[in-house]
Amino acid sequence: KENAQKRLEAIKDAKQKEKEAVRAAEDAILNVFADSEAVQREKLRVSYDRQIEDLKDKLANEKNLTKKARSAMNEEILALERAKEIVLQKFEDDSLSKRIDAEQKKIDLLLQTVKKGSDEEYQLKYQQLIKQQEAELHAADIETATFEDKEAKKVAIKKKYGLLMDALSDEQDSNRI
């Protein structure tokens, strides 16, 4: 019996060392990369995954937990999984907003350098409208609660930008004449 207990302790110790080694390897890989959006996203994911893994290990290994304690830990795992989804989605939303904003600023700067009425100006204004539409569609996704409201808002936004693009095209055509 004592031998079995020693083997069980050795297995637990080996698993703990394995977990530490895997985490050290993950940390080393993350540190190799620059702090890009992908690395930041991965750090968030790994942080939540580790918390969830630790709770699952605790559930599996601790034998003296009451039914209520086990239930509470399972609820905590579910809450962490949901929180991970929310945090990662918010991160993605913020990243997309930043990229769209940066692209719009770039187009604004380029517009300042082109000749008024030129084809290049038309192309940049068209790109600007597309980026503005993307930003509004993205905002509608984030801000609107129900699927029906989101879809109605998206249809209205697409119609609005369709009209703006048509007006821009008409303006370009009249400048060519």
Undergrad: For a quick test of reading the model, state the closest non-hydrogen atom pair linking Ile77 to Leu59 and the distance between them.
TA: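 Of all heavy-atom pairs spanning Ile77 and Leu59, the closest is CD1-CD1, 3.7 Å.
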
Undergrad: To check you understand the geometry: which heavy-atom pair defines the closest contact between Glu121 and Lys115, and what is its length?
TA: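 The pair with the smallest heavy-atom distance is CB-O, 3.7 Å.
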
Undergrad: Check this for me: does any side-chain nitrogen of one of Glu53 and Arg50 sit under 4.0 Å from a carboxylate oxygen of the other?
TA: no

Undergrad: Side chain to side chain contact (heavy atoms under 4.5 Å, CB included), that's the test. Do Gln128 and Gln132 meet it? Break it down for me.
TA: CA-CA 6 Å; Gln128 188 177 43; Gln132 289 170 349; 3.8 Å; yes

Undergrad: Any chance you could measure Ile107, atom CD1, to Lys125, atom NZ, to the nearest 0.5 Å?
TA: 13.0 Å

Undergrad: Hey, are the side chains of Glu20 and Gln16 touching, using non-hydrogen atoms and a 4.5 Å cut-off?
TA: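 Yes - at least one pair of side-chain heavy atoms lies under 4.5 Å apart.
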
Undergrad: Identify the two heavy atoms, one from Ala140 and one from Lys153, that lie closest to each other, and give their separation to 0.1 Å.
TA: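 Reported closest heavy-atom pair: CB-CD, 3.8 Å.
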
Undergrad: Is any side-chain heavy atom of Glu2 less than 4.5 Å from a side-chain heavy atom of Gln5?
TA: no

Undergrad: Considering all heavy atoms of both residues, which atom of Met165 and which atom of Leu129 are nearest to each other, and what is their separation?
TA: CG-CD1, 3.8 Å

Undergrad: Rounded to the nearest 0.5 Å, what separates atom CG in Leu137 from atom NZ in Lys158?
TA: 6.0 Å

Undergrad: Check this for me: Phe91, atom CZ, are more than 12 non-hydrogen atoms of other residues, nucleotides or ligands nearer than 6.0 Å?
TA: yes

Undergrad: Using the rule that Ile, Leu, Val, Met, Phe, Trp and Tyr join whenever any side-chain heavy atoms are under 4.5 Å apart, tell me whether Val46 and Val87 fall into a single cluster.
TA: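 In one cluster with Val46: Val87, no.
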
Undergrad: Is the number of heavy atoms from other residues, nucleotides or ligands under 6.0 Å of Glu120 CD greater than 12?
TA: no

Undergrad: In Å and rounded to the nearest 0.5 Å, what is the CD to CG distance from Gln127 to Leu110?
TA: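 Rounded to the nearest 0.5 Å, the CD-CG separation comes to 8.0 Å.
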
Undergrad: Report the C-alpha separation of Tyr161 and Glu136 in whole Å, then their side-chain angles, then the decisive distance to 0.1 Å, and conclude whether the side-chain hydrogen bond (donor to acceptor under 3.5 Å, both in side chains) test is met.
TA: CA-CA 10 Å; Tyr161 280 95; Glu136 285 189 38; 2.5 Å; yes

Undergrad: If I take atom NZ from residue Lys131 and atom CG from residue Asp108, how far apart are they, to the nearest 0.5 angstrom?
TA: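 Output value for this atom pair is 13.0 Å.
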
Undergrad: If I take atom CD1 from residue Ile52 and atom CG from residue Asp57, how far apart are they, to the nearest 0.5 angstrom?
TA: 12.0 Å

Undergrad: Does the pair Lys90/Asp94 count as a salt bridge with the N-to-O cut at 4.0 Å?
TA: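 Counted as a salt bridge, because a side-chain N and a carboxylate O are separated by less than 4.0 Å.
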
Undergrad: Could you pull out the closest heavy-atom pair between Asp93 and His138, with the gap in Å?
TA: O-NE2, 3.2 Å

Undergrad: Do Arg99 and Leu96 make a side-chain contact, defined as non-hydrogen atoms from C-beta onward lying under 4.5 Å apart?
TA: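 A side-chain contact exists here, since the closest heavy-atom pair is under 4.5 Å.
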
Undergrad: With the threshold set at 4.0 Å, does a side-chain nitrogen-carboxylate oxygen contact exist between Lys15 and Glu18?
TA: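 Result for this pair is no, no salt bridge flagged.
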
Undergrad: If Ile, Leu, Val, Met, Phe, Trp and Tyr residues are connected whenever their side-chain heavy atoms lie under 4.5 Å apart, and connections chain through other members, are Tyr48 and Leu78 in the same group?
TA: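 Not linked; separate clusters.
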
Undergrad: Could you see if Leu164 belongs to whatever hydrophobic cluster contains Ile100? Use Ile, Leu, Val, Met, Phe, Trp, Tyr and a side-chain cutoff under 4.5 Å.
TA: no

Undergrad: Please report the interatomic distance CD(Gln104) to CD(Glu134), rounded to the nearest 0.5 Å.
TA: 8.5 Å

